[in-house]
2 protein chains.
Amino acid sequence: MSEAVSRPTLEAVAARAGVSRATVSRVVNGGDGVREPLVERVRRAVEELGYVPNQAARSLVTRRHDAVAVVIAEPETRIFTDPFFALQLRGISKELTAQDNQLVLLLTEGRDDHARVARYLAGGHVDGALVFSLHLDDPLPGLIEGAGVPTVFGGRPGWGGGSNTARYVDCDNRGGAEDAVRHLVGLGRTRIAHITGPLDQTSAADRLQGYLDVMGEVMGESDPRLVVASDFTPSGGERAMGELLDRCPDVDAVFAANDLTALGALRVLREHGRRVPEDVAVIGFDDVLPVAEQTEPPLTTVRQDIEEMGRLMTRLLLSTLTRGGPAAGAPAGVVLPTTLVRRATA
Amino acid sequence: MSEAVSRPTLEAVAARAGVSRATVSRVVNGGDGVREPLVERVRRAVEELGYVPNQAARSLVTRRHDAVAVVIAEPETRIFTDPFFALQLRGISKELTAQDNQLVLLLTEGRDDHARVARYLAGGHVDGALVFSLHLDDPLPGLIEGAGVPTVFGGRPGWGGGSNTARYVDCDNRGGAEDAVRHLVGLGRTRIAHITGPLDQTSAADRLQGYLDVMGEVMGESDPRLVVASDFTPSGGERAMGELLDRCPDVDAVFAANDLTALGALRVLREHGRRVPEDVAVIGFDDVLPVAEQTEPPLTTVRQDIEEMGRLMTRLLLSTLTRGGPAAGAPAGVVLPTTLVRRATA
DNA sequence: GGCGGAGGTGAGAGCGCTCTCGGCGGCGCC
DNA sequence: GGCGCCGCCGAGAGCGCTCTCACCTCCGCC
C-alpha cells in the first residue's frame, strides 16, 4: 500500500533544470564536458527531486551491472561453522564497496544448485564472479567458464576443471605447512603426525605435500601411519586424533590441516590425558579468530591473511573488468605468504 | 578480447520459432494461453539458441528485481566472529533460492556507510530488505523507511526509530533469559550474576529484563552489583567476569548474554581457579555451534533457532512483496520460542 | 449456415537510460 | 575583420523486454 510515488526520472530532472536529458546524464556520470553553470543547475535539480538513477535502465544499455557474484560451493556443514568464509566475505565486501560494486551472494547446497548458479551467471546479472572452495571433481568451473563470466577463484583450482589460465588467489599452503613441520622438528619432535583436510581440495593437498616434503627431507622417510585423513571440521579432528592415538601412541606432535581440526584434536588429547605441548605439540592452520586464540591452551598456528585474500581477489577481478579482459602480462595466480604464529601449543 | 558473442535476444528466438516476440515472452513466463504446438516450437528455439532472458530489460518494465538486500549493520569486530550472522544468512539464502530470489549482501562498516545503504535501497535495485542488528539510536531504520522499500527486521527494533508497525522476527529473549535464571535458581544458586550485551540493542535489553524479572520474583530483590555490562564478545566477557569476581567473590552462577561472552567468562573463571559448574554455574545464550559445544566444559545455553529466524524473515518479506503490501491482518512481529540446552556448565 | 463470442496471436508502444552525431557558438589566427 | 576549428549541448535512436489492445480464427448455437 501507499505505493511510493514513482521515483523521478532523468526526464524530470532535465525539465526542472531546463536542459536536455543528455546533459543530466553527463552530469550524473561525472560531469565531463559540461560547463559550470549547467552543472550546478543540474546538481540542484537532482538534489531537490531526490533523483536516483534507475540501475536497470542503465544496465540495459551499458551492459554493466556494478555487481559481482560470490559463489561459495561448500557442503552446508562447513560453510558457516568455519569463520574462514566470513573473513573472506568481509575482505570482499570492503573492496567492493570501495569501488562502488554490489555483492550478490550465492550459496550452494549440494550439486543440484550448481546448475542454478551457472544459469544465474549466464543470465548476465553480474559483471564477474568470485568462486570459492572448489573440489577436484567439481563441475562448477566448467559451467562457469561456459557462462562466459570473468572469474577469480579463491584457492588454486585443481587441474581437473577449466583452463590452466584460470585466475586465482591462494595462500602459500605448501610453504606454510613446511614452516609448521620444520618448527616442530626444531622443537625436537620426531614422531610428527598430520591430520589432513579433504584431499580433493588443493589447499588440503598442498598442505599435505608440504608436510611430506619436510618429513622426507629431515626424517629421511615418513611413517605413513602418521598421516590420517579428515575433513576440516572439529568433529573430524576428534575422530582423526583418536585414530592417531590408537595407531601411534608414541606420537609427539600433530600438524593439523586447519584450526578447527586442531581444536578437535586438542580435546581428544586432553581426554586421553596427554599434556599439550609437553607430551604432544600441536600446530593448526589459518589462524581464524577467535577460535585459535581461545583454545585451551591457545593454539600455535600458521597464519594466512584471509581478509586480504578476499580483497585481492576482488581487486583482481575488478581490474580485469575495467580494462576489458585480463591484462596480457598479468599472472594467472597470486600466492600470499603465511607466517607462523606461536602461542602455547608448540 | 573474445568478447562472448552477444547473447541471443527474445527477437532472435521469435524469428527462429516463427512467432512474435509476445508469444515467446508468454512461453518463457509460464506459457499460459499459448497453444501446444507453438509452446513446443518456442521451447526448442530457446534451447537451441541457449537463450537466457536479460534481467535488466525485464526489470525495467516490471519493476521487479527478484532480489532482496540483506543489511548487516554491525561494528566490524562482531560481524564475523559471531557465527550468529552466518547462520541467519544460511536460513535466508535457503529460503531465497527456494523462491528464486537473489541475495544482495550489504555490510556496513560504521555510520558513514548508512547513507550509502540508504541510497542503494532507494535506488530500487532490490524488492525488499532484511535488516539486522539495529541499535536504539541507529538512524538506519528511518533512512530505510524513507527509501520506501519493504523491510523486515531481525530482532525487535527499538522504540526510537520507525513506526510501531515495523515488521520483525525475534526470539523470545526475555522468556529465554527467565528460563536460564530459573534453572540456576533450581540448582540452588543464590548469587546469580548477569553479564549483559550492549544495552542499546533490544535483544540484550530484553535478556537483562528477563533476568531482573526472575531475580525480583525469586530473590525479592537483586543485588545491582551482580549485573555487569559487556558487549557480546569473548574479550568483553573476560573483562566483565574479572570485574564480577572483584566485586562479588561469592558469585555462584553467571548468566551470560550470549555464548561468546560465556566463553570469555569461562576462561577467566578457570584462570581464577573456580571450578565450573561446582563453584560457579554458567549459562550462555544462542547455542551457536561449534562454540557452545566446544567450550571447556561444554556450555549450557539457551538455544534459539537462528537459521529458522532467517528463513522466517525471508518468507515474511516475500509474502508482502507478492501480495502487494503487507497483508492487513498480519502480525507486525513474530517471536520464536527458545529452549534450554543442558550441557556441563549448569 | 450465419452470427456472436471466446480464445490465441501479433503489432506496437513504451520502461529510463546512454551515446552518437549534428549544430551552434566562441575563440584564435592571418 | 573573416574563416576555421574546437568545445558544448540537444535531438533521437535504440538497449531487450512486457503488456495492452486489436485482430483473426474457430467453435457453438439458434
To the nearest 10 degrees, what angle separates the axes at the start and end of the helix from C:dG1-D:dC30 to C:dC30-D:dG1, five pairs each?
->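 Overall, the helix from C:dG1-D:dC30 to C:dC30-D:dG1 bends by 40° from one end axis to the other.
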
Test item: B:V104 and B:V70 side chains (from C-beta on) under 4.5 Å apart, heavy atoms | no

Side chain of B:R63: nearest nucleotide among D:dG16, C:dC15, D:dC17?
-> C:dC15

Proximity to DNA chain D (any heavy atom under 4.0 Å), residues of residues 45-61 of chain B only | B:Y51, B:P53, B:N54, B:A57, B:R58, B:L60, B:V61

Collect all protein-nucleotide pairs involving nucleotides 10-13 of chain D in which both atoms are nitrogen or oxygen and the distance is under 3.5 Å.
{"unit_1": "D:dG10", "atom_1": "OP2", "unit_2": "A:S20", "atom_2": "N", "d": "3.2"}
{"unit_1": "D:dG10", "atom_1": "OP2", "unit_2": "A:S20", "atom_2": "OG", "d": "3.2"}
{"unit_1": "D:dG10", "atom_1": "OP2", "unit_2": "A:T23", "atom_2": "OG1", "d": "2.4"}
{"unit_1": "D:dG10", "atom_1": "N7", "unit_2": "A:R26", "atom_2": "NH2", "d": "2.9"}
{"unit_1": "D:dG10", "atom_1": "O6", "unit_2": "A:R26", "atom_2": "NH1", "d": "3.4"}
{"unit_1": "D:dG10", "atom_1": "O6", "unit_2": "A:R26", "atom_2": "NH2", "d": "3.4"}
{"unit_1": "D:dA13", "atom_1": "N6", "unit_2": "A:R21", "atom_2": "NH2", "d": "2.9"}

Whole angstroms only, please: what is the [atom1]-[atom2] distance between [X] and [N]?
X: A:E11; N: C:dT18; atom1: CD; atom2: P; value: 13 Å
X: B:N29; N: D:dT20; atom1: CG; atom2: P; value: 13 Å
X: A:R35; N: D:dG7; atom1: CZ; atom2: P; value: 11 Å
X: A:H65; N: C:dC17; atom1: NE2; atom2: C1'; value: 13 Å
X: B:R64; N: D:dC17; atom1: CZ; atom2: P; value: 19 Å

Anything under 30° is parallel, anything over 60° is perpendicular, the rest tilted; go ahead and classify B:H125 against B:Y120.
-> parallel

Checking side-chain contact (heavy atoms from CB on, under 4.5 Å) for the pair A:I144/A:L121: CA distance, chi angles, key distance, verdict?
-> CA-CA 7 Å; A:I144 290 172; A:L121 293 179; 3.8 Å; yes

Within the distance-only criterion (no hydrogens, no angle test), does the side chain of [X] pair as donor or acceptor with the backbone N or O of [Y] below 3.5 angstrom?
X: B:S93; Y: B:G91; value: no
X: A:R7; Y: A:V52; value: yes
X: A:T314; Y: A:L96; value: no

Provide the full list of side chain to side chain donor-acceptor pair (under 3.5 Å) pairs with a residue in residues 37-60 of chain B, sequence neighbours left out, each pair given once.
->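 Side chain to side chain donor-acceptor pair (under 3.5 Å) check on residues 37-60 of chain B returns B:R16-B:E48, B:N29-B:R58.
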
Listed partners of B:H114 passing side-chain hydrogen bond (donor to acceptor under 3.5 Å, both in side chains), at least two apart |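 side-chain hydrogen bond (donor to acceptor under 3.5 Å, both in side chains) check on B:H114 returns B:D138.
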
Applying side-chain hydrogen bond (donor to acceptor under 3.5 Å, both in side chains) to B:T62 and not counting sequence neighbours gives none

Just one of A:V42, A:V13, A:V27 clears the side chain to side chain contact (heavy atoms under 4.5 Å, CB included) bar with A:V19, so which one?
->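 Result for side chain to side chain contact (heavy atoms under 4.5 Å, CB included) with A:V19: A:V42.
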
Give me the one residue out of B:R63, B:Q102, B:H65 that meets side-chain hydrogen bond (donor to acceptor under 3.5 Å, both in side chains) with B:D127.
->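 Exactly one pass, corresponding to B:H65.
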
